[in-house]
Amino acid sequence: MAHLTNEQDRVRAVTGLLLKNNAKGIAKAPQEVVDYVKVNVLIAFQDRVKEVRDAAGQVIVTLLGALEVAQWPEAVMHLMHGLESTDPVQQIASFGVLERACEDYPKKLDVDVNGQRPLDYMIPKFIALADDEKPKIRAHAITSLSHFIPISSQSLFAHIDPYVQCLFRRASDDNADVRRGVCSSLVLLLVARPDRIIPELPIVAQFMLYSTQDKDENVALEACEFWLTFAEEPDLVGSLAPLVPELAPVLLKCMIYGEEDLVWLDGADDDAEEKDRETDIKPRHYGGGKAHGLESAVSSDPNHVNKSKFGGSSLDDEDEFDDYDPEFDDDDASTEWNLRKCAAAALDILAVRFGEDLLKILLPHLNERLYSQDWLQKESAILALGAMAEGRYAHWCANFETEEQRDRYFIPAMEGLLRMVLDSNKRVQEAGCSAFATLEEDAGSKLSPYLEPILRNLMYAFEKYQQKNLLILYDAIGTLADAVGNALENPQYVEILMPPLIKRWSELDSDDEDLIPLLECLSSVTMATGHGFGAYAQPVLERAIKIVHSSLLLWEEYQRNPELDEPDRPFLIVSLDLLSGLVQGLGNSIDNMIANSTPPLLPLINICLKHPQAPVRQSAYALIGDMAISCFGTLRPYVPTLMAEIISQIEPEPKYEFISAANNAAWSVGEIALRYGADPEFHQYVQPLIMRLIPTLLNPRSPKSLTENAAVTIGRIALVCPQPVAPYLDNFAQQWCQALWEIKDNEEKDSAFRGFCMLIKENPSGIGKHFLWFCNAIVKWKAPSAELRDMFSQILHGFKDMSGSGWDAQVASWPPSIQDALRTQYGV
């Protein structure tokens with residue numbers, strides 16, 4: 001590389017790259033080898049051939065990182081000497097190597113070497129060169145300096161005043177790379193040394209606002225990072241607030257697709273009638289079925305991880321098949337971070353910080369864009385709505401308290417988004433439909449008075465959309481059904497909604513993957529429309545059962561011959577979920593349909609309980625629980641066959657992928673227990689069940705959602721059969737109370753607590769040393785049923801009477817909040 005100058009240039013450069021790939025281990029080489037490499041790589045760095053110089057530069061960076069400055073100070077001296085060169089080629093090459101070293105290992109450069117700090121000399125030199133006449137030298141200088149900010153280099157901060165002045169001088173540089181470096185440096189300083197930025201904030205802010213709109217997108221992106229970083233720092237919110245009225249519209253402008261994006265998108269303004277290309281439709285993944293859990297009463301914290309629709313935290317219940325989320329299906333030209341995404345992220349954080357104040361600032365700008373004839377303007381406005389922190393915009397609009405707020409925010413937002421749903425541009429359709437689904441989630445039943453126009457718009461979109469946006473439309477229809485619930489049971493609404501869905505249902509083959517999202521949509525629609533779905537129930541039920549049957553046959557064949565392609569499980573999962581929706585929606589009126597189904601449904605479910613795929617079991621256990629609630633007469637003859645499998649699924653530490661299946665198994669047992677009631681036939685299952693449920697409750701490694709479900713099911717079993725469970729009360733009473741005291745009040749929790757009270761009645765001594773935990777759980781209740789409240793009162797007064805004069809002393813040792821609540825609510 002260094003001496004055989006008569007060899008081909010390419011060969012010499014490749015030898016340098018080979019050396020670079022092996023140079024990390026240089027410290028282990030014999031000293032004579034190390035010395036030889038150090039001398040000769042510096043010779044190669046002076047070569048006349050650019051490729052050789054570049055390769056030598058890479059070797060220097062790697063060697064210096066491996067040896068560190070103390071063992072090779074000559075390299076740093078050589079490179080710094082290169083900065084003094086009158087040869088611009090050598091000067092730029094030397095600075096390029098220094099910049100790379102500063103980037104890769106700034107801490108290794110920020111050291112003492114023989115009583116001196118190399119950076120004490122390097123930093124001032126870099127600051128001086130930031131004003132060099134050559135743009136590349138200025139850019140190298142600014143960028144190299146910036147790498148020492150995150151490590152809080154004292155050598156840099158000792159020169160903080162001239163450094164900041166240098167940045168301000170270069171803010172108006174005519175070179176984009178220099179301006180980009182200035183923006184990046186100011187972002188880093190904002191975090192590391194806000195004391196140097198905040199006093200100059202009026203100047204810095206105007207520069208950043210201007211740079212965020214720079215024609216060079218790389219400069220604009222770095223400037224936009226400033227606002228994202230600024231917004232993320234809670235201590236700087238007060239300084240940021242006065243800038244928001246000017247900043248928010250700039251961020252909105254940055255969310256419009258750029259010219260490069262448009263070239264990649266290759267779409268016409270009005271393209272709604274164009275068929276989607278195969279490349280437009282991304283592979284879609286489907287959820288692992290319904291997961292039963294309990295909603296926490298502390299989830300009002302905006303930073304709290306929300307539970308899923310059917311309960312259970314996302315950590316517990318997600319498997320590798322995540323639900324398709326259109327809002328984050330970003331078809332930008334690449335997955336790389338860009339200005340559009342950065343602006344959206346900054347707007348998201350601003351929404352967290354400034355809430356409704358931000359909405360008031362942006363509302364005129366959003367309205368102008370939503371009603372624009374330019375699809376790019378419309379799409380950017382909808383992206384902004386979706387970007388504002390997972391539907392905070394929808395939350396503000398939907399949570400109106402007065403008619404004036406409703407008319408000013410909610411109705412215009414709803415009408416504007418529905419207009420976008422029917423736009424003639426597919427990108428606007430996509431963004432509008434996604435944003436409307438977000439509004440549906442937040443508005444809930446407040447959409448009920450407007451169901452007719454909403455349904456007519458969505459059904460018109462159904463006829464208009466191409467394949468990709470149909471997937472998003474299915475989600476919007478399913479979300480609407482979940483939001484308004486039984487309001488959809490109105491025959492007028494059913495007549496609008498069902499014909500297009502059933503038409504599509506009949507057009508698709510049972511192995512067509514486009515059927516899967518339609519099945520998901522129908523599972524929500526069947527629950528919401530209830531008995532209104534009755535006219536369509538028989539053929540839908542029959543087809544769902546046939547899909548389950550055929551899927552199980554394919555799986556059985558695959559198990560016999562693993563060389564076959566593994567069958568698609570989503571068909572099986574979504575069909576089971578659709579059956580759950582039918583059962584919940586139609587109640588006991590579905591009894592005869594299930595009883596007369598061909599093939600019989602219950603034996604198929606029994607096979608699904610043993611399926612090796614966790615999401616299949618998860619949906620099957622959910623279906624059992626729903627059948628216990630709605631059509632127990634049909635389920636009951638099969639309970640003896642199913643119960644052994646249900647019991648075996650309940651274990652304290654299931655494999656991660658089986659957590660939701662275990663949750664659903666525990667929940668379904670509780671529903672079965674309630675339906676048996678006092679019937680002694682259920683008694684045979686109590687002992688094996690509590691031998692599974694109690695260890696699950698007591699195991700500290702059990703998932704939280706499973707612990708909660710186990711506690712509820714123990715209580716429900718105790719409600720119908722307390723005697724066999726009561727002797728174990730002392731073993732689990734404290735953990736039982738802890739598992740459920742933060743759960744939101746609902747019927748499941750109410751029935752579980754009534755069962756727990758039955759255990760106390762059967763075995764009062766079992767609660768003795770855990771009585772404070774029980775009292776704490778009592779006072780956590782907001783609105784217990786009259787029956788449960790009476791049971792609480794009887795137990796409390798009974799223990800007070802039993803304790804006699806010792807009651808007051810016992811209660812006095814409890815936390816004052818519990819004392820006050822018991823005295824106020826129950827008079828003890």
Side-chain angles (χ1 to χ4, degrees), residues 1-85 87-111 113 118-119 122 125-126 129 132 134-148 150-151 177 180-181 184 218:
M1 178 176 69
H3 300 293
L4 299 182
T5 56
N6 58 340
E7 288 286 349
Q8 294 181 17
D9 296 343
R10 179 178 175 277
V11 173
R12 297 176 64 211
V14 168
T15 62
L17 296 176
L18 289 171
L19 177 59
K20 174 243 180 183
N21 291 337
N22 289 275
K24 288 184 178 179
I26 189 71
K28 298 179 181 178
Q31 188 59 44
E32 61 269 22
V33 174
V34 176
D35 293 341
Y36 179 85
V37 172
K38 290 196 297 187
V39 169
N40 285 281
V41 76
L42 293 178
I43 293 173
F45 188 59
Q46 308 293 328
D47 201 271
R48 61 176 177 79
V49 179
K50 182 181 184 302
E51 290 78 5
V52 175
R53 291 197 307 273
D54 291 345
Q58 293 186 50
V59 176
I60 293 171
V61 172
T62 304
L63 286 175
L64 194 55
L67 296 173
E68 301 191 14
V69 178
Q71 297 184 58
W72 199 19
E74 300 85 0
V76 178
M77 293 171 60
H78 185 92
L79 293 169
M80 292 301 294
H81 181 72
L83 299 187
E84 305 285 351
S85 175
D87 180 2
V89 173
Q90 191 63 40
Q91 187 186 30
I92 291 171
S94 296
F95 220 155
V97 173
L98 282 168
E99 181 190 322
R100 179 68 182 275
C102 294
E103 178 183 4
D104 287 358
Y105 38 81
K107 288 185 177 180
K108 291 183 178 180
L109 297 175
D110 192 24
V111 293
V113 179
L119 283 186
M122 295 166 66
K125 186 66 176 175
F126 291 172
L129 288 172
D132 193 87
K134 293 179 284 298
K136 282 193 175 181
I137 293 296
R138 298 198 301 273
H140 281 317
I142 293 293
T143 305
S144 297
L145 288 164
S146 71
H147 296 308
F148 297 103
I151 66 168
D177 289 336
R180 179 185 181 188
S184 176
N218 290 323

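Minimum interatomic distance between A55 and A13 (heavy atoms only, all atoms of both residues): CB-O, 3.6 Å. Taking every heavy atom of both residues into account, A23 and A66 meet most closely at O-CB, 4.0 Å. Residues D47 and M1 approach most closely at OD2-O, 4.4 Å, considering heavy atoms. In this structure, G82 and S94 approach most closely via the heavy-atom pair CA-OG, 3.5 Å.
The SG atom of C102 lies 9.0 Å from the CD1 atom of I151; values are rounded to the nearest 0.5 Å. Here the CG atom belonging to D104 is positioned 8.5 Å from the NE2 atom belonging to H147, to the nearest 0.5 angstrom. Note that the CZ atom of F126 and the CD1 atom of I142 stand 11.5 Å from one another [nearest 0.5 Å]. Remark: I60 CD1 to W72 CH2 distance equals 5.0 Å, nearest 0.5 Å. The line from CE of M122 to CZ of F148 is 5.5 Å long, rounded to the nearest 0.5 Å. To the nearest 0.5 Å, atoms CG (L98) and CG (L79) are separated by 4.5 Å.
Ion pairing between a basic and an acidic side chain is recognised when a charged N comes within 4.0 Å of a carboxylate O; R138 and D177 show no such pairing. Salt bridge status for K136 with E99: absent, with no side-chain N to carboxylate O gap under 4.0 Å.
Counting non-hydrogen atoms of other residues, nucleotides and ligands closer than 6.0 Å to NZ of K50 gives a total of 12 or fewer. Atom NE2 of H3 is surrounded by more than 12 heavy atoms from other residues, nucleotides or ligands within 6.0 Å. More than 12 heavy atoms of other residues, nucleotides or ligands lie within 6.0 Å of CZ in R53, so this atom counts as buried by the packing criterion. In the displayed structure, E32 atom CD is contacted under 6.0 Å by more than 12 heavy atoms of other residues, nucleotides or ligands.
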Exercise for the section: Determine, step by step, whether L67 and V34 satisfy the side-chain contact (heavy atoms from CB on, under 4.5 Å) criterion, reporting the C-alpha distance in whole Å, the side-chain angles of both residues, the deciding distance to 0.1 Å, and the verdict. Expected result: CA-CA 9 Å; L67 296 173; V34 176; 4.3 Å; yes
Handout entry: Working for side-chain contact (heavy atoms from CB on, under 4.5 Å), residues R12 and V49
Key = CA-CA 9 Å; R12 297 176 64 211; V49 179; 4.0 Å; yes
Practice task
Start with the C-alpha distance between V113 and E68, add both sets of side-chain angles, then the distance that settles side-chain contact (heavy atoms from CB on, under 4.5 Å), and finish with yes or no.
Solution key: CA-CA 10 Å; V113 179; E68 301 191 14; over 6 Å; no
Practice task
Give the C-alpha distance, both sets of side-chain angles, the deciding distance and a yes or no for side-chain contact (heavy atoms from CB on, under 4.5 Å) between I43 and V39.
Solution key: CA-CA 7 Å; I43 293 173; V39 169; 4.2 Å; yes
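The shortest distance between side-chain heavy atoms of V59 and F45 does not fall below 4.5 Å. Counting heavy atoms from C-beta on, the side chains of L64 and T62 never come closer than 4.5 Å. Considering only heavy atoms from C-beta on, H140 stays 4.5 Å or farther from R100 through its side chain.
Checking Q91, Q90, K125 one by one against E84, the side chain to side chain donor-acceptor pair (under 3.5 Å) holds for a single residue, K125.
Here the side chain of D110 pairs no donor or acceptor atom with the backbone of P106 at under 3.5 angstrom. Checking side-chain atoms of K108 against main-chain N and O of G65 turns up a donor-acceptor pair under 3.5 Å. Side-chain atoms of Y105 come within 3.5 Å of backbone N or O of V61 as a donor-acceptor pair. Between the side chain of S184 and the main chain of G181, no donor-acceptor pair closer than 3.5 Å is present.
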